Amino acid sequence: MPWHVVYTKPKAEKKVSEELAAMGIEVYCPLVSKIRQWSDRKKKVEMPLFTSYVFVNIEEKRKNDVFHAKGVVRYLFWLGKPALVRDTEIEEIKKWLHTDVTDVEVENIQKGDLFEIKEGPFKNHSGLVEEVNKNTIRLKVESIGVMLTIKYNTPADTGKA
């Protein structure tokens with residue numbers, strides 16, 4: 001069974017996934033840890049990787065059951081058909097989230113360049129460079145439908161010349 005993409009209300013992804021799981025529906029809401037700064041403290045929080053989206057693996061006859069969960073808006077459609085995600089793609093996302101960060105060597109990258117990723121969880125994918133800043137590069141990776149931000153150190157940051 002392919003996975004379907006469910007669009008949720010803003011900031012409701014975790015609650016929706018909990019409710020769907022309680023209903024016996026197989027659901028996946030990929031989470032990433034981020035440090036958030038408040039005026040008096042820093043805190044590590046779990047944030048959804050995809051804002052306002054969760055994935056459900058559900059039988060066709062139960063598709064309407066997802067609307068019983070508070071916060072579900074609709075299914076995502078692509079070109080007039082329900083957006084489907086293969087099991088292999090879900091497994092790739094899980095693998096990416098559990099892979100350690102690797103070093104990236106960056107030289108003379110400019111907006112509009114095609115950047116081939118040679119190591120790490122996105123190995124063998126390439127993306128169009130959308131933006132280059134002092135320590136980050138934003139890539140549009142169309143093959144998997146994501147925007148990536150790659151952080152890197154300049155030689156001055158690492159003490160290398």
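Keep in mind that this is a model prediction, so the values were computed, not measured.
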Worksheet entry | Glu13 side chain vs Cys29 backbone, donor-acceptor pair below 3.5 Å | no

Worksheet item: Any sub-3.5 Å donor-acceptor pair from Tyr75's side-chain atoms to Lys63's backbone N or O?
Response: yes

At what distance, to the nearest 0.5 angstrom, does [atom1] of [X] lie from [atom2] of [Y]?
X	Y	atom1	atom2	result
Ile58	Met23	CD1	CE	7.0 Å
Lys14	Glu46	NZ	CD	6.5 Å
Glu130	Ile137	CD	CD1	12.5 Å
Ile35	Lys43	CD1	NZ	11.0 Å

Discussion item. If you count every heavy atom of other residues, nucleotides or ligands that lies below 6.0 Å from Trp78 atom CH2, does the total exceed 12?
Written reply: no

Worksheet item: Are more than 12 heavy atoms from other residues, nucleotides or ligands located less than 6.0 Å from atom NZ of Lys15?
Response: no

Would you say the side chain of [Y] lies within less than 4.5 Å of the side chain of [X], judging by non-hydrogen atoms?
X	Y	result
Val129	Leu139	yes
Val16	Glu19	no
His4	Leu84	yes

Test of understanding: clusters of I, L, V, M, F, W, Y form through side-chain heavy atoms closer than 4.5 Å, transitively. Do [X] and [Y] belong to the same one?
X	Y	answer
Tyr53	Trp3	yes
Val72	Phe77	yes
Tyr7	Ile90	yes

Closest heavy-atom pair and its distance - [X], [Y]:
X	Y	result
Val132	Lys111	CG2-N, 4.1 Å
Val32	Leu49	CG1-CD1, 3.9 Å
Ser17	Val27	O-CG1, 3.3 Å
Gln37	Lys42	OE1-CE, 2.8 Å
Leu20	Ala69	CD2-CB, 3.8 Å
Thr8	Val73	C-CG2, 3.6 Å

Worksheet item: In terms of the angle between their ring planes, are Tyr28 and Phe55 parallel, tilted or perpendicular, with boundaries placed at 30° and 60°?
Response: parallel

Item to complete: Could you check Ile93 against Phe50 for side chain to side chain contact (heavy atoms under 4.5 Å, CB included), going step by step and ending with a plain yes or no?
Response: CA-CA 11 Å; Ile93 293 169; Phe50 302 107; 4.0 Å; yes

Practice prompt. Could you please spell out the steps behind the salt bridge (charged side-chain N to carboxylate O under 4.0 Å, His left out) verdict for Glu59 and Arg62?
Written response: CA-CA 5 Å; Glu59 298 170 343; Arg62 291 194 64 203; 5.6 Å; no

